[in-house]
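In what follows, a structure is listed as C-alpha cells, so that the remarks can point back to it.
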Amino acid sequence: MRRLVELSHRITEGMVTYPGVPGPRLGVHLSREASREVYAPGTEFHIGSIELVANTGTYLDTPHHRYPDGPDLSGVPLEALADLPGLVVRAEGLRSVGVGLLKDLDVRGRAVLLQTGWDRHFGTEAYLRDHPYLEPEAAKWLADRGPALVGIDSLNIDDTPPRGERPAHTLLLGAGIPVVEHLTGLAALPDTGFRFHAAPPMVAGMGTFPVRAYAVVGDRP
C-alpha cells in the first residue's frame with residue numbers, strides 16, 4: 001500500500017530549534033473580524049504573519065549557506081530536492097556516523113537519511129547537546145560518491161563544539177549536495193523503496209529555509 005510519512009517537526013510560537021537562534025513569532029496581518037469590513041457580508045478571511053530565522057524547525061541547507069557563490073534557495077534545481085529515491089542509514093544509539101555504516105551502500109543520486117533517533121529529544125534541553133553527527137571522513141566519502149541530498153534527524157550534521165569547524169557542511173555543500181537537518185520519523189521508513197521530498201520556497205539570496213519533508217512509501221498508483 002502506498003503511504004505518506006511525515007518527516008518534519010511542527011513550527012510553533014517561540015520554539016527552540018538551535019541554541020541562540022530566536023524562536024518564531026506568529027502574528028495576524030488581517031483578522032477574521034477586521035476582514036468583515038473588507039468583504040461582502042458572510043465572507044471573511046484570516047491572513048497570518050510569521051517572523052522567523054531561516055534555520056527553524058526542519059530545514060534545508062543549500063550550498064549558499066556555506067559558500068557565497070553557491071546556489072541559493074532559488075538556484076538549487078527541484079530535481080535535487082523532490083521525488084528522490086531514498087536510503088536510510090541506521091545509526092541509532094551511536095555518537096557519530098562513520099564510513100563503516102556507509103561503505104557497502106550505493107548512494108549515488110539518492111537522498112541519504114541518517115537515522116540516529118535523536119529526534120526523540122526535540123524540544124528538550126537534551127536535544128541541544130552531545131548530539132549525533134556525521135564524521136568528517138564519512139562526509140568526504142559521501143561527497144566523493146554523489147548522493148542527491150543528505151539528511152539527519154539530529155541538531156546538526158556536524159559536531160558543534162564552540163567555534164568548531166563544520167567539515168560535513170564544508171564537504172557536502174562544497175560538492176553541491178544539499179543538507180536537511182532536524183528530520184524526524186525516520187524510524188517509520190524502510191531502508192529503501194521510498195521517495196523523499198524536501199523542497200523550500202524559491203527565496204533569492206537565502207541559503208537555508210524550513211521545509212515540509214516527507215516520504216512516499218510503496219508503489220505509485
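Please read these numbers as outputs of a predicted model, since none were measured by experiment.
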Side-chain heavy atoms of Thr170 within contact of Pro136, under 4.5 Å = no

Exercise for review: Under the side-chain contact (heavy atoms from CB on, under 4.5 Å) rule, what do Leu142 and Leu134 come out as? Steps first, then yes or no, please.
Suggested key: CA-CA 10 Å; Leu142 286 167; Leu134 182 66; 3.9 Å; yes

Practice prompt. Just do the side-chain contact (heavy atoms from CB on, under 4.5 Å) check on Val180 and Leu149 with the steps written out, would you?
Written response: CA-CA 8 Å; Val180 179; Leu149 175 151; 4.0 Å; yes

d(Asp159 CG, Arg166 CZ) to nearest 0.5 Å is 8.0 Å

Gln115 vs Glu92 side-chain heavy atoms within contact, under 4.5 Å:
yes

Next on the checklist: Between Asp158 (side chain only) and Thr160 (backbone N and O only), is there a donor and an acceptor less than 3.5 Å apart?
Outcome noted: no

Side-chain heavy atoms nearer than 4.5 Å, only ILVMFWY residues, links allowed to pass through others: does that put Val89 and Ile157 together?
yes

Note to self: Would the distance check show the side chain of Thr43 and the main-chain N or O of Tyr39 forming a donor-acceptor pair, the cut-off being under 3.5 Å?
What the structure shows: no

Worksheet entry | Side-chain donor or acceptor of His9 paired with backbone N/O of Thr58 under 3.5 Å | no

- request: Measure from the side-chain N and O atoms of Asp153 to the backbone N and O of Thr116, and report whether any donor-acceptor pair falls under 3.5 Å.
  value: yes

ask   = If we only count heavy atoms from C-beta on, is the Glu181 to Asp61 side-chain gap below 4.5 Å?
value = yes

* Any donor and acceptor pair, going by atom type alone, linking the side chain of Arg120 with main-chain N or O of Gly117 inside 3.5 Å? -> yes

If you count every heavy atom of other residues, nucleotides or ligands that lies below 6.0 Å from Tyr18 atom OH, does the total exceed 12? yes

**Prompt:** Do the side chain of Glu6 and the main chain of Ser8 share a donor and acceptor less than 3.5 angstrom apart?
**Reply:** yes

Next on the checklist: For Arg36, is the CZ atom crowded, meaning more than 12 foreign heavy atoms sit under 6.0 Å from it?
Outcome noted: yes

| Does some side-chain heavy atom of Leu60 sit less than 4.5 Å from a side-chain heavy atom of Val179? | no

On a heavy-atom basis, the closest approach of Asp83 and Arg195 is O-NH2, 2.6 Å

Pair Asn156-His131, side-chain donor/acceptor within less than 3.5 Å: no

In terms of heavy-atom contacts, Ile50 and Leu52 come closest through CD1-CD2, 3.4 Å

Please say yes or no: joined through hydrophobic side-chain contacts below 4.5 Å, possibly via intermediate residues, are Leu183 and Leu155 part of one cluster? no

Tell me if a side-chain donor or acceptor on Arg25 pairs with a main-chain N or O of Gly23 at a distance below 3.5 Å. no

Smallest heavy-atom separation, Pro201 atom then Leu73 atom, equals O-CB, 3.7 Å

Considering only heavy atoms from C-beta outward, does the side chain of Leu105 approach that of Lys103 to under 4.5 Å? no

Original post:
Does some side-chain heavy atom of Phe196 sit less than 4.5 Å from a side-chain heavy atom of Leu113?
Top reply: yes

Closest non-hydrogen contact found for Gly98 with Ala138 is C-CB, 3.8 Å

Requested in this report: Just do the side-chain hydrogen bond (donor to acceptor under 3.5 Å, both in side chains) check on Asn55 and Thr208 with the steps written out, would you?
Outcome: CA-CA 6 Å; Asn55 291 41; Thr208 64; 2.5 Å; yes

With heavy-atom distances below 4.5 Å as the criterion, would you say the side chains of Ile177 and Pro147 are in contact? yes

*Examine Ile152 and Leu172 and state if one hydrophobic cluster contains both, with Ile, Leu, Val, Met, Phe, Trp and Tyr joined whenever side-chain heavy atoms are less than 4.5 Å apart.*
yes

- Message: Does the plane of the ring in His182 sit parallel, tilted or perpendicular to the ring in Tyr127? Use 30° and 60° as the thresholds.
- Response: tilted

**Asked** Can a donor-acceptor pair be found between the side chains of Glu33 and His46 at a distance below 3.5 Å?
**Response** no

CG (Leu30) and CD (Glu37) are apart, to the nearest 0.5 Å, by 10.5 Å

Q. Is any side-chain N of the basic residue among Arg108 and Asp144 closer than 4.0 Å to the acidic one's carboxylate O?
A. no

Donor-acceptor pair, Thr62 side chain versus Gly207 backbone, under 3.5 Å?
yes

Is it true that, when you exclude Arg32 itself, more than 12 heavy atoms of the residues, nucleotides or ligands shown sit nearer than 6.0 Å to its CZ? yes

Looking at Arg90 and Asp191, is any side-chain nitrogen of the basic one under 4.0 Å from a carboxylate oxygen of the acidic one? yes

Linking I/L/V/M/F/W/Y whenever any side-chain heavy atoms sit under 4.5 Å apart, do Leu186 and Trp118 land together? no

| message | Using a 3.5 Å distance criterion without hydrogens, assess whether the side chain of Ser35 forms a donor-acceptor pair with backbone atoms of Val38. | response | no

Pro190 and Val88 have their tightest heavy-atom pair at O-CG2, 3.6 Å

Interatomic distance, OG@Ser96 vs CG@Leu114, rounded to 0.5 Å, equals 11.0 Å

> Above 12 or not: heavy atoms from other molecules or residues under 6.0 Å from CD of Glu13?
Replying inline: yes

| query | Any side-chain heavy atom of Val76 within less than 4.5 Å of one from Leu81? | reply | yes

Q.
Please evaluate residues Val5 and Phe194 with respect to the criterion side-chain contact (heavy atoms from CB on, under 4.5 Å), reporting the C-alpha separation (whole Å), side-chain torsions for both, the decisive distance (0.1 Å), and the verdict.
A. CA-CA 10 Å; Val5 180; Phe194 63 91; over 6 Å; no

Going hydrophobic residue to hydrophobic residue with side-chain gaps under 4.5 angstrom, can you get from Leu4 over to Val217?
no

Report task. May I ask you to decide if Pro132's main-chain N or O and Ser154's side chain share a donor-acceptor pair within less than 3.5 Å? Result -> yes

TODO: For the pair Ile11 and Thr56, evaluate side-chain contact (heavy atoms from CB on, under 4.5 Å) and give the outcome as yes or no after the intermediate values.
DONE: CA-CA 8 Å; Ile11 294 177; Thr56 295; 4.3 Å; yes

Quiz item: With ring centroids as reference points, do Tyr59 and Phe209 lie under 6.0 angstrom apart?
Solution: no

Heavy-atom closest pair (Val53 atom, Pro22 atom, distance to 0.1 Å) is CG2-CG, 3.6 Å

